[in-house]
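Letters A, B, ... are given to chains in the order of the sequence lines, protein chains preceding strands, and every chain is numbered from 1.
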Number of protein chains: 2
Amino acid sequence: MGVTLKELAASLGLSPTTVSRALNGYPEVNIKTRQRVADAARAANYHPNTRAKSLATGQSRAVGHVIPISTSHEIVNPIFADFIAGAGEAYSRAGYDMVLSVVPDAEEEAAYRNLVARGTVDGLMVHGPRLHDDRIGLLHDLGLPFMVHGRSSGVNTPYSWLDINNRRSFRRATEFLLDLGHTRIALVNGLEGMDFAMRRRTGYLDALEAAGIAPDRALMRTAEMTEPYGHQAGRELLRLPDPPTAMLASSMIVAYGLRRALTEVGLQPGRDVSVITHDDDLSYMPNGLDVPQFTATCSSVRDAGRKAAEMLLALVNDPDLGPINHLMETRLVLGDSTGRNRL
Amino acid sequence: MGVTLKELAASLGLSPTTVSRALNGYPEVNIKTRQRVADAARAANYHPNTRAKSLATGQSRAVGHVIPISTSHEIVNPIFADFIAGAGEAYSRAGYDMVLSVVPDAEEEAAYRNLVARGTVDGLMVHGPRLHDDRIGLLHDLGLPFMVHGRSSGVNTPYSWLDINNRRSFRRATEFLLDLGHTRIALVNGLEGMDFAMRRRTGYLDALEAAGIAPDRALMRTAEMTEPYGHQAGRELLRLPDPPTAMLASSMIVAYGLRRALTEVGLQPGRDVSVITHDDDLSYMPNGLDVPQFTATCSSVRDAGRKAAEMLLALVNDPDLGPINHLMETRLVLGDSTGRNRL
DNA sequence: TTGAAAGCGCTAACAC
DNA sequence: GTGTTAGCGCTTTCAA
């Protein structure tokens, strides 16, 4: 515990009120007084007590992220860390704290209610929206500003979101493969039920339809986005009577699993079978030009976190701001994973 | 904002004090009153205002994690998310909030000072300790309980930590390769300067020395633990006049890079060159028996997060508790990546 | 331009 | 067992 406002004021022979005003930039303070106060505060390493300040102002200057864990397809997702990194950066720049609430799936709703009722945060970020996601209605009712990272189809109430253009991204990736002459293109998607997975599937189907190719259910897999599942999906796909010549994976981790399945049976990814991935640029596992093994549609998830956080803060600071949203486009980065030999 | 204690008390015809006592489990409350209060609180969805409570008690019931980002070898590390998940779980079980502070490297010290001076947290977790890490002395001076995830060699003041037995883990992995007959064993380590990397190197050198094998500097690489760096290290190692027959990677991500380097030149990992990795069990990218491509020394980083958080809370709740620490052993999991053909 | 006083929602002596 | 009072550290009317 450091110096208090009262102590600081006493040491200056001023009232706490004046010191508070000086420190918070109120105009009616004598310029010399303000300077004196600022100097003294710095010298004393004075930082206002967060709790007292929030209690007095009714604002916590903190933002909450609730992460459910039991289903394991959430924090588990490696994009989580990068998103948090970007968001956290934006928060600390703006002087906000980030409160992370990691709870079992079943307690997620209670966690939101808790954070709101206890006044811990001024705003909330929603991760990993599903189709018809209940949380959006809940947060709407709770009345605190919130942002959704992603979208939730089937929700009628308007809400604020930031999303990447999953549909367009996967449509383009599929078109790219079609242009190369592939017709048997597998989609190894994330878990159905997650909104992004649905959108990616739609983009894939759009492209097939436009090319006059009937989708084959056997080529469409859905799984948690982990390496072993990608591996398993890859094995199953290769065992098909008429296996795919190209594979479109929903995440780089899954693509690694696919590569493993290929090399196990002596096929070389990028020569025998094309492997394209979508992944947000993860700092510890970048894709794009640095990793020419894949062709990828990618966007920076750290940028997304930053941007989403900025939008949330805008909502927090202006409650009258209507629902705002932002759609990020992806880059298509061509690597050498195009399966030329099969064409 | 929900109901306040005062309102709740008024609706019950009781004083705020009594209600507070009833809710906080003080013994001197009439059993019937307590019941009545509990019921009313539940019915009104009453949650005590965190800020007011902390202000009154002087405790924030929150714990801080400071994550520096500019050097990118920290949050970047995929183990971060799992550790946070485990810790967050323990915190919310104990009714504590987790405050994440993501700051540029240069502002890390200021971030610690801030959190302490503003009274935002009751305790702190330190991530990614380096050799002679300044943060430990700083936190010691700040006087708030803290835990280090890892250790920092060269620091004299005693401090609380939780670490895995990096040295033993890498010694065993190296011994395993030696037992298989390998003598040219590469070590693709994390960044020197990080304490864990030093310990891993020591374990590796211990094993070589015990086997009477002189270490070869050309076989020892140090890099950020990303896929591209692993790939680059792998290429360089394979171009050596006398290339290694086995590679020991400090993380699975790096091991993937090594595998890529091998397959590029037509070598098969696990048949032509053995690839062993160390990695904590990451939920989105498990190793061990599920992924028989690698032999691995692994520990659950989520467990580590949980345990470290519990230890930190113990420190917070008992300031007299001396420095406490915990050393986790790893499991050695044998996959098929043993390079049999070369032996 | 500055200060006094009240209050944010809660807890913790100290009465009763 | 329950209530009264003061106070945590800050902001914010209202007065001067």
Participant: Does the distance from a Lys or Arg side-chain N to an Asp or Glu carboxylate O, for B:R93 and A:E107, drop under 4.0 Å?
Facilitator: no

Participant: Should the side chain of A:T17 and the base of D:dT11 be counted as holding a donor-acceptor pair, with the cut-off at 3.5 Å?
Facilitator: no

Participant: With respect to the phosphate group of C:dC8, does any side-chain polar atom (N or O) of B:N49 fall under 4.0 Å of OP1 or OP2?
Facilitator: no

Participant: Whole angstroms only, please: what is the CZ-C1' distance between B:R118 and D:dC8?
Facilitator: 18 Å

Participant: Can you check the A:I31 CD1 to C:dT1 C1' distance for me, whole Å?
Facilitator: 13 Å

Participant: How close do A:A9 and A:S15 get, counting heavy atoms only, and between which atoms?
Facilitator: CB-C, 3.7 Å

Participant: Taking the side chain from B:R51 and the backbone from A:G119, do they hold a donor-acceptor pair closer than 3.5 Å?
Facilitator: yes

Participant: Please check the phosphate of C:dT2 (OP1 and OP2 only) for any side-chain N or O of A:T18 closer than 4.0 Å.
Facilitator: no

Participant: In terms of side-chain heavy atoms of B:T33, which of C:dG9, D:dG1, D:dT11 is nearest?
Facilitator: D:dG1

Participant: Let me know the distance between CG of A:L12 and P of C:dT2, rounded to the nearest Å.
Facilitator: 12 Å

Participant: Can you name the closest pair of heavy atoms from A:V66 and A:L115 and give their distance?
Facilitator: CG2-CD1, 3.8 Å

Participant: For A:L5 and D:dT12, give me the distance from atom CG to atom C1', rounded to whole Å.
Facilitator: 13 Å

Participant: Taking CD from A:Q35 and C1' from C:dT1, how many angstroms apart are they, rounded to a whole number?
Facilitator: 17 Å

Participant: Ignoring hydrogens and angles, answer whether the base of C:dA12 and the side-chain atoms of B:T57 contain a donor-acceptor pair closer than 3.5 Å.
Facilitator: no

Participant: Of the listed nucleotides (D:dC10, D:dT11, D:dT2), which one gets closest to any side-chain atom of A:Y46?
Facilitator: D:dC10

Participant: Counting side-chain heavy atoms from CB outward, which of C:dT11, C:dG3, D:dC10 is closest to B:A56?
Facilitator: C:dT11

Participant: Hey, which sits more toward the 5' end of DNA chain C by its nearest nucleotide, B:A52 or B:Y26?
Facilitator: B:A52

Participant: Out of C:dT1, C:dG3, D:dG7, which nucleotide sits closest to the side chain of A:R21?
Facilitator: C:dG3

Participant: Quick one: B:R51 CZ to C:dC8 P, roughly how many Å, whole number?
Facilitator: 13 Å

Participant: Nearest whole angstrom, please: distance from the P of C:dG3 to the CG of A:L8.
Facilitator: 13 Å

Participant: Any side-chain N or O of A:S20 below 4.0 angstrom from OP1/OP2 of D:dT11?
Facilitator: yes

Participant: Between B:S15 and B:L55, name the one whose nearest nucleotide on DNA chain D is closer to the 5' end.
Facilitator: B:S15

Participant: Find the distance A:K6:NZ to D:dG9:P and express it as a whole number of Å.
Facilitator: 8 Å

Participant: Nearest heavy-atom pair of B:N325 and B:Y159: which atoms, and what distance?
Facilitator: ND2-O, 4.3 Å

